[in-house]
Amino acid sequence: MARPRCCVLEVSGLRAGYGAVEVLRGIDLAVATGEIVALLGSNGAGKSTLNNNICGLYRPFGGAIRFDGSDIAGSPSMRIVEAGLIQVPEGRRVFPNLSVRDNLELGSYRRGRPARARNLERVLAIFPRLDERLAQAAGTLSGGEQQMLAIGRGLMSEPRLLILDEPSLGLSPLLVEEMFALIGRLNGDGLAILLVEQNVVQSLAVAHRAYVLENGRITLSGKAADLAQDPELRKSYLGH
Amino acid sequence: MFDPQIIFAGVLNGLLAGGVYVLVAVGLTLIYGVLHIINFAHGSLLMLAMYAVFWLWRLLGVDPYVALPLVIAGAFGFGWLLYRGVIGRFSHGRDENILLITLGLSIVIDNVALLFFGGDTQTIDVPYAGLFVEIGAAFLPLPKIVSFAASLLLCAVLGLYMTRSDTGKAIRAVAKERQGARLVGIDVDNIFAISYGIGIACLGAAACLLMPSYYVTPTSGHAFVLVAFTIVVLGGMGSFIGAAVGGFIIGITEALGGLFLGEQLGQIGISLIFILILLLKPTGLFGSRA
Ligand SMILES: Nc1ncnc2c1ncn2[C@@H]1O[C@H](COP(=O)(O)OP(=O)(O)OP(=O)(O)O)[C@@H](O)[C@H]1O
Ligand SMILES: [Mg+2]
């Protein structure tokens, strides 16, 4: 496969896990500037583990993670956020006791503070629903609204690379459509995105390249359009 | 026998005493809300702050009210350092360790205080100690009125800080969603230390407000902390509003208990409230399910 030449994110030989359990056994993965890369894999394959190690929530066992050319493996999460690598996590993780506005403003706690007002306007233009609920406690939002808030909070920090962990989880089909359209638009503005998804067809449609993660290893990778035709992948994820 | 005038005076006195209780309880509930532990060193640190106020007065002649900003700042710094240097460092991120470390700290502090300050009761003589304000039939000591007003003011300032400032919002974010906080780049460990520092700063303020009308011995802190703990449980663990409302309820209960049952038995009312709240509404008046 053609290796992208200039990479925002470059993961090589990454090993990680929990305690003595190794979940990721040598991952090589890259995201180029302006690219959408899809990361596919069944439940428990280690996708979220990969994201959380990239973002500094856990310390990897070994291997390298380069972001914009500098090694960030094992750096504290605040430094990684500062550099512009932002994750919208699985399960949203919004601040339930804070208002929608405060959630969004905290999105620029470490990065993007000077342009906070302008970014808030931009995020509210993307998610008008949040605009109507600025004073509402985030914990009382519907699941879909919380997902919008989580993405909006991520955008508040002017990401250079956005990791989305199952952004369509729990959304109605119409909202899933909107979500993928949004991902395309954000990327159209130049944002690099690493997209973790269960919606294989839609992910491969929007992504440039994709990786398949199984049992802590990358088993398949290539152009999204090629993978969409791959018989192995079709069999294991689409059942035909 | 129970003249409404006397009861009125009792309620007012209780209300005034409640002010400082609120401060002590707000510190306790803040630390609980963020770190999810009871700070067992709370009473010992209050006692330490009271000695700091006492020695500032004795050695340098600084009036307790004048010392207020200094003691608040010093207590914050001390709390912050204590968290960074001891509690956070040795807890390895486990709540039960933090609990034991604060318990250990309290034992150490108490004994160090006994060693250096002795067991004698120390008091401060300020010229305004004997002044009273007359409201209806009630004669209220001026220092108690000052401590009440200052406690409320400080709690209001803290409330504004928690709701308006980025750091205040970050503290509340960390309290409920640590992982989410890390993902927006909040330095969670530092927020822990700041929260602990603010909790101890509340004690510094309480010490300045107490000393003009109270005394200090190496065990003075404990009585306050038992009361503060009751307040926190009554109001709901981690709830600010709960600590404020609970503080006044307990203050009044104590005053009326003292009135009807005498100084010695007056505390029974507090224990009664504690037991009742555990039986009827264990989450407290303003508590949410954890
Ligand atoms: N905090 C943790 N402690 C211990 N084991 C964990 C922890 N988090 C995840 N695991 C384990 O690591 C493995 C990979 O989990 P991970 O969450 O990375 O999977 P995933 O690919 O994101 O799955 P899903 O699609 O269901 O979200 C699983 O076996 C899981 O049980
Ligand atoms: Mg996952």
If you round to the nearest 0.5 Å, how far is [atom2] of [Y] from [atom1] of [X]?
X	Y	atom1	atom2	value
A/Y109	B/T167	OH	OG1	5.0 Å
B/Q179	A/N52	CD	CG	6.5 Å
B/L183	A/L57	CG	CG	5.0 Å

**Report entry** Beyond-backbone contact of B/R182 with A/V81, side-chain heavy atoms, under 4.5 angstrom
**Finding:** no

Closest non-hydrogen atoms of A/M78 and B/D187, given as atom of the first, atom of the second and distance, are CE-OD2, 3.3 Å

In short, B/V184 meets A/G107 closest at the heavy-atom pair CG1-CA, 4.1 Å

Please state whether the side chain, the backbone, both or neither of [X] comes within less than 4.5 Å of a heavy atom of chain B.
X	answer
A/R116	side chain
A/R113	side chain
A/L106	both
A/V94	backbone

Comparing A/E82, A/R79, A/R111, A/R153 against chain B, the one with the most heavy-atom pairs below 4.5 Å turns out to be A/R153

For [X], I'd like to know if atom [atom1] has over 12 heavy atoms of other residues, nucleotides or ligands within 6.0 Å.
X	atom1	answer
B/L276	CG	yes
A/R160	CZ	no
B/F76	CZ	yes

Subject >> Expected output: side-chain A/N97 to main-chain B/R172 donor-acceptor under 3.5 Å >> reply: yes

